[in-house]
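A, B, ... follow the sequence lines: proteins, then strands. Residue 1 opens every chain.
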Number of protein chains: 2
Amino acid sequence: MADENVLRSIGVIARALDSIANIEFKQFDLTRGQYLYLVRVCEHPGIIQERLIEMIKVDRTSASRVIQKLEKNGFIMRQADEVNKKIKHIFPTDKGQRIYPQIKRENDYSTTVALQGLSSAQIKTVTQLLTKMSANVSADWEGVKKGQPRQY
Amino acid sequence: MADENVLRSIGVIARALDSIANIEFKQFDLTRGQYLYLVRVCEHPGIIQERLIEMIKVDRTSASRVIQKLEKNGFIMRQADEVNKKIKHIFPTDKGQRIYPQIKRENDYSTTVALQGLSSAQIKTVTQLLTKMSANVSADWEGVKKGQPRQY
DNA sequence: TGAATTATGTTGCAATTACAATATTATGCA
DNA sequence: TGCATAATATTGTAATTGCAACATAATTCA
């Protein structure tokens, strides 16, 4: 079944580029996994933890710890909501914002590498299809994380 | 830059489906990450660790430990090479082989979910493009893992 | 209106992961 | 032919990760 290679390729690309990014961001004092959160916080200042979790599909306990660490190390800061005592808004600090262009640059470079040899039309196609696939798996992830087994 | 969404979608799909798989394989006494190795060993009996590492793009120390654990728990067995004392061939045990159909079934189901709404032509296209992208990032991964910084 | 349920975030604990260093063996080269 | 280099795998260590349980607050519902 050739279709299975879709997910295998996705897994390989994700692991390879994640590993590369973690290694490359060590020079900015970002430890494993931190860049993933920091870049989203920079692009969505004021976001709350729950929205981040939904956006990037990570475990809530991992997110809690990474965000604590990013705050401790001065990359982000958290602000309580004025009305809703349950949520805290996350903002990048100056230090965090200064690193954002490097993360963008690395991400753009990795994208260039990954897309090498693809035409503009193919890039557009693969982008659209992956966006759809991402949306497709989203519901299953939420359900399984909430303890609802998938039936198959 | 819309192109950056390619890698973001890939990351989301990979994390979501990996998390789902780890949760679903707990019932087969497979712990986090183990299914990834076991399925490849079942499909490539006799493979050596180095080849597995290249195939799935994981850290060699992680691979060493996961394989040890899989052996300890009776899913695989290792055999020294007759000629080359440095390599060990990895085979699935009966126990390991019995779980293979379940891993395949889960993987097929996840593929079905991910590809929902895509036509056959689109599936073929995205498969081909992802295979190419996977090959594209492979060289960078090997270089960076060997300590060679990327220039950009 | 008050209890039940859901939402958001955190902590204890144990397992996993990866860096750095190490060990052993095979291969390359002068 | 012997030394240097590369290849394959492992271990010590510390950091990260996720399950299960927990805490607090908001929302739902009878």
Ignoring backbone atoms, establish whether [X] has a side-chain N or O less than 4.0 Å from OP1 or OP2 of [N].
{"X": "B/Ser64", "N": "D/dA9", "answer": "no"}
{"X": "A/Ser62", "N": "D/dG18", "answer": "yes"}
{"X": "A/Lys88", "N": "C/dT10", "answer": "yes"}
{"X": "B/Gln34", "N": "C/dA15", "answer": "no"}
{"X": "A/Ser19", "N": "C/dA18", "answer": "no"}
{"X": "B/Lys85", "N": "D/dA9", "answer": "no"}
{"X": "B/Thr61", "N": "C/dT17", "answer": "no"}

Atom [atom1] of [X] to atom [atom2] of [N]: distance rounded to whole Å?
{"X": "B/Phe25", "N": "D/dG18", "atom1": "CZ", "atom2": "P", "answer": "17 Å"}
{"X": "A/Ile53", "N": "C/dG9", "atom1": "CD1", "atom2": "C1'", "answer": "8 Å"}
{"X": "B/Ile67", "N": "C/dT16", "atom1": "CD1", "atom2": "P", "answer": "14 Å"}
{"X": "B/Arg60", "N": "C/dA23", "atom1": "CZ", "atom2": "P", "answer": "17 Å"}
{"X": "B/Leu52", "N": "D/dT8", "atom1": "CG", "atom2": "P", "answer": "13 Å"}
{"X": "B/Asp59", "N": "D/dG12", "atom1": "CG", "atom2": "C1'", "answer": "15 Å"}
{"X": "A/His89", "N": "C/dG9", "atom1": "NE2", "atom2": "P", "answer": "9 Å"}
{"X": "A/Lys145", "N": "D/dA20", "atom1": "NZ", "atom2": "P", "answer": "10 Å"}

For a 4.5 angstrom cut-off between non-hydrogen side-chain atoms, does B/Tyr100 reach B/Val39?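 Yes; the side chains approach each other to less than 4.5 Å.
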Taking C-beta and beyond as the side chain, do B/Arg105 and B/Glu24 meet within less than 4.5 Å on heavy atoms? no
Per [X] side chain, nearest of listed nucleotides [options]:
{"X": "B/Gln49", "options": "D/dC19, D/dT10, D/dA15", "value": "D/dT10"}
{"X": "A/Lys69", "options": "D/dT17, D/dA15, C/dG9", "value": "D/dA15"}
{"X": "A/Arg51", "options": "D/dA15, C/dT8, D/dA26", "value": "C/dT8"}
{"X": "A/Arg78", "options": "C/dT10, D/dC19, C/dC19", "value": "C/dT10"}
{"X": "B/Ile87", "options": "C/dG9, D/dA9, C/dT16", "value": "D/dA9"}

Taking atom types as modelled, is there a side-chain donor on A/Tyr152 or B/Glu106 under 3.5 Å from an acceptor on the other? no
With no angle test and no hydrogens, is the base of C/dA26 tied to the side chain of B/Lys86 by a donor-acceptor pair under 3.5 Å?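 Looking at the base of C/dA26, it does not pair with any donor or acceptor on the side chain of B/Lys86 (distance under 3.5 Å).
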Base C/dG9 to side chain A/Arg65, donor-acceptor N/O within 3.5 Å cut-off: no
5'-most by nearest nucleotide on DNA chain C - B/Gly33 or A/Glu54: A/Glu54
Does A/Glu50 or A/Lys26 map to a spot on DNA chain C nearer the 5' end, using the closest nucleotide for each?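 The residue closer to the strand's 5' end, by nearest nucleotide, is A/Glu50.
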Within the 4.0 Å heavy-atom criterion, would you say B/Val58 contacts the bases, only the backbone, or no part of the nucleic acid? nothing
What nucleic acid atoms does A/Asn22 come within less than 4.0 Å of, heavy atoms only: base, sugar-phosphate, or nothing? nothing
Closest-nucleotide ordering on DNA chain D, the 5'-leading residue of B/Gln68 and B/Arg32: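 Per heavy-atom nearest nucleotide, the more 5' residue is B/Gln68.
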Can a salt bridge be assigned to the pair A/Arg98 and A/Asp94 using a cut-off of 4.0 Å between side-chain N and carboxylate O?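 Salt bridge flag = no for A/Asp94 with A/Arg98.
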Under 4.0 Å between a side-chain nitrogen and a carboxylate oxygen: does that hold for B/Lys145 and B/Asp59?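 Salt bridge: yes.
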Side chain B/Asn22, main chain B/Gly33, donor-acceptor under 3.5 Å: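 Pair found, side chain donor or acceptor close to backbone of B/Gly33.
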Hey, what's the ring geometry for A/Tyr35 with A/Phe25, parallel, tilted or perpendicular (30° and 60° as the breaks)?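 Tilted, since the angle between the ring planes falls between 30° and 60°.
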